[in-house]
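To keep things clear, I will list the structure first and then write my remarks on it.
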Amino acid sequence: MASEILVAPSQHLLTHSRFLVTLRSQEGKYRSLIIFRLSTSRDVPHDEDSELNDKNDQQLYAMEAHCPHLGADISHADIEDCDDNLILVCPWHRYDFDLRTGHSDTGMKACTYTIEVRGNENGLGDVWLETPEGGTNWRLVELRPVSEAFADPPPPPLDLSHLFLSSAEATTPAEPEEVVPAENMPTTLVQWAVLILNTADPALKVQRTRHAVNLFRTGQLKSIGHRASNVPRPPEIPPRVESYAKNTVDPTKVARRKNRAVMLHALANIEQWAIDLAWDIIARYGPEHPELPPAFFSDFTKMALDESKHFTLLTARLSALSTTTPYGSLPVHASLWDSARATFSSLRARLAIIHLVHEARGLDVNPGTIEKFRRARDSESVDVLEIIHADEVTHVTAGHRWFTWMCDRQGVNPVQTFREEVRKGWKGDIKGPFNKEAREKAGMTPEFYVDLRGGVDGERAGLPVRDPKQDEVPAKTVTPTVDIHWSSRR
């Protein structure tokens, strides 16, 4: 008898018609699935108190998240009615698969999983999912809705006016660039990644990220492009608009100021660099590792989209909180990128240092930061930071997934290898307190981080000389050197 796992109360699956599910086995194996919720009366809205118990109205299906042909992300695949069958059509090459059985007229077969709703002790329904073969004690590590144009109302136009970076020397603004360049339009994911990395304007960077990820998910790109000849190379340092670049200083020179606006500004700066890091891992290491499967690129395009969302949320909140502190008006630093540059020669080192050290430290300190904003009665900022924290757990999960994948292919122990990467590429101790629950959910068990210490000086590692106190503030951890005055004044 196949084992099963509890996914969620059934009412949690009423918000969208598709959900991404990520599972991890006790052996450290990952599987990504898509849950499809279809309704026989698709035009009838469901309220929050309704259930998925009515089998005549609600149908649940679960299928592996990537097409067995060439690994395309099927989260945005079309679903077609064909006689008495529901057919999933892959967005890349239009291969079709029966949503119930996984069979295809091509002779291939996608993995499908039994999924059903069962009553619980509260009289409501719970959704249970068959677990994959090839592992034991599977754990649910991610359940997130997929946004689809056909399931969600069209999003409002993206308002990024608060990102206008003014300066005393401002002259007549240049003609704005188009999201899609009129000349040399990218046709592959790697080409889009390099274009976005070379985009200085943060508003345009966000818009291009949203556009490129949508093209990738809906099969509108020629290819990923990491196996092509003459692949474009990413920049050594992504450019910034002039007024922003003038405010970029050595991290040790950033003044310590005491208000929430400064913290939001500093966090937004980190998220802008995080957008670049997500695209850089695609553009820099994809061509060096042609063996990387499409799932790798799916994970990091999702990360790029998340980081652009975080950046937009933070800058919008900053604009609402302090109209006199627009994004780009305060000193910032590029320490996160400096740290990434030390890993340019190794994808394994990049995954270890950026995703399993920096982002994992963010999991440790984010809850304390959220609580400080809550004590300041800043509920709007709390909401933003809670969204960011939940997403960051999945980012550490992705780092762990692909780090362990590489170690498995190379025949090395992931824990020992991670600790060696930190010894070679990090300065100082990785100190607690640790958010053990969030780290464990992301795959970072204690043997990864207990008594973990870097073994090189900052300059030799390509890292800035760091004040250990910098690890006490949130998100990605090469953080703003600011002390925060948690006044309740807005």
Side-chain angles (χ1 to χ4, degrees), residues 8 12 15-16 48 142-145 147 155-156 158-160 162-163 202 206 256-275 303 305-327 329-330 332 336 358-397 432-442 469-490:
H12 290 184
T15 59
H16 290 68
E48 293 182 355
E142 181 177 11
L143 173 67
R144 85 157 55 190
S147 294
L158 195 62
D159 181 9
L160 298 173
H162 56 275
L163 296 184
V206 168
R256 295 180 179 273
R257 298 175 61 182
K258 300 182 179 181
N259 62 67
R260 287 172 288 138
V262 172
M263 175 60 86
L264 292 173
H265 187 282
L267 293 177
N269 168 56
I270 292 171
E271 295 296 343
Q272 185 179 356
W273 286 111
I275 300 171
M303 193 177 297
L305 194 61
D306 284 347
E307 307 294 16
S308 68
K309 176 183 70 176
H310 301 169
F311 174 78
T312 304
L313 289 171
L314 287 165
T315 52
R317 180 64 195 135
L318 172 64
S319 178
L321 186 68
S322 177
T323 57
T324 60
T325 315
Y327 181 67
S329 62
L330 297 178
V332 293
L336 186 59
H358 282 291
E359 290 201 290
R361 283 297 293 142
L363 303 186
D364 301 332
V365 298
N366 283 343
T369 303
I370 292 170
E371 183 57 31
K372 291 174 182 177
F373 273 102
R374 183 176 287 112
R375 289 201 299 268
R377 300 179 183 177
D378 187 352
S379 60
E380 293 89 346
S381 294
V382 167
D383 291 343
V384 168
L385 293 174
E386 286 181 338
I387 290 170
I388 292 172
H389 179 68
D391 288 345
E392 297 297 347
V393 174
T394 71
H395 297 177
V396 180
T397 301
F434 300 108
N435 187 338
K436 296 181 180 179
E437 180 180 358
R439 281 175 171 262
E440 199 275 333
K441 185 175 183 180
K469 291 183 179 178
Q470 289 181 356
D471 281 340
E472 298 174 1
V473 286
K476 299 171 182 89
T477 72
V478 180
T479 47
T481 51
V482 294
D483 293 328
I484 306 303
H485 175 63
W486 297 102
S487 169
S488 60
R489 294 175 59 190
R490 300 289 177 91

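Treat the numbers as computed from the prediction; the structure is a model and nothing was measured. Every heavy atom of this structure was used, including side-chain atoms; hydrogens, water molecules and symmetry mates were not.
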Spatial distance of atom [atom1] ([X]) from atom [atom2] ([Y]) [nearest 0.5 Å]:
X: Leu267; Y: Ile388; atom1: CG; atom2: CD1; value: 7.0 Å
X: His310; Y: Ile387; atom1: NE2; atom2: CD1; value: 8.0 Å
X: Ile370; Y: Asp383; atom1: CD1; atom2: CG; value: 10.0 Å
X: Leu321; Y: Asn259; atom1: CG; atom2: CG; value: 8.0 Å
X: Leu313; Y: Leu385; atom1: CG; atom2: CG; value: 9.5 Å

Smallest separation among heavy atoms of [X] and [Y], with atom names:
X: Ala261; Y: Leu318; result: O-CD1, 3.4 Å
X: Thr325; Y: Ser322; result: OG1-OG, 2.7 Å
X: Ala274; Y: Leu336; result: N-CD2, 4.4 Å
X: Ser308; Y: Thr312; result: O-OG1, 2.8 Å
X: Leu314; Y: Ala268; result: CD1-N, 3.8 Å

*Just jot down the side chain to side chain contact (heavy atoms under 4.5 Å, CB included) partners of Ala8, sequence neighbours excluded, or say none.*
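His12, Leu13, Leu143.
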*asked:* Which residues pass the side chain to side chain contact (heavy atoms under 4.5 Å, CB included) test with Thr394, not counting sequence neighbours?
replied: Glu142, Arg144, Lys302, Asp306
_Stepwise side chain to side chain contact (heavy atoms under 4.5 Å, CB included) check, Met263 with Lys372_ = CA-CA 12 Å; Met263 175 60 86; Lys372 291 174 182 177; over 6 Å; no
*Side chain Ser319, main chain Thr315, donor-acceptor under 3.5 Å*: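 Checking the backbone N and O of Thr315 against the side chain of Ser319, no donor-acceptor pair under 3.5 Å is found.
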_Would the distance check show the side chain of Thr397 and the main-chain N or O of Val393 forming a donor-acceptor pair, the cut-off being under 3.5 Å?_
yes
*asked:* I'd like to check the side chain to side chain donor-acceptor pair (under 3.5 Å) partners of Ser381; sequence neighbours left out, ordered by chain and number.
replied: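 Only Arg317, Asp378 meet the side chain to side chain donor-acceptor pair (under 3.5 Å) criterion with Ser381.
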_Among residues at least two apart in sequence or on other chains, which ones pass side chain to side chain donor-acceptor pair (under 3.5 Å) with Asp364?_
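Here the qualifying residues are Arg361, Arg439.
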*Between Val332 and Gln272, is any pair of side-chain heavy atoms under 4.5 Å apart?*
no
*Dump the intermediate steps for side chain to side chain contact (heavy atoms under 4.5 Å, CB included) on Val384 and Leu264, then the final yes or no.*
CA-CA 10 Å; Val384 168; Leu264 292 173; 6.0 Å; no
*Return the set of residues passing salt bridge (Lys or Arg N to Asp or Glu O under 4.0 Å) with Lys441 (not counting sequence neighbours), or none when no residue passes.*
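Partners of Lys441 under the salt bridge (Lys or Arg N to Asp or Glu O under 4.0 Å) test: none.
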*Sequence neighbours excluded, which residues qualify as salt bridge (Lys or Arg N to Asp or Glu O under 4.0 Å) partners of Glu386?*
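For Glu386 the salt bridge (Lys or Arg N to Asp or Glu O under 4.0 Å) partners, ignoring immediate neighbours, are Arg374.
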*Flag yes if more than 12 heavy atoms outside Glu437 fall under 6.0 Å of its CD atom; otherwise flag no.*
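Counting other residues, nucleotides and ligands, CD of Glu437 stays at 12 neighbours or fewer.
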_Atom NZ of Lys436 with >12 non-hydrogen neighbours under 6.0 angstrom_ = no
_Is a donor from one side chain sitting under 3.5 angstrom from an acceptor on the other, for His389 and Glu392?_
no
_Can you tell me how the ring of His265 sits relative to the ring of Tyr327, calling it parallel under 30°, perpendicular over 60° and tilted otherwise?_
tilted
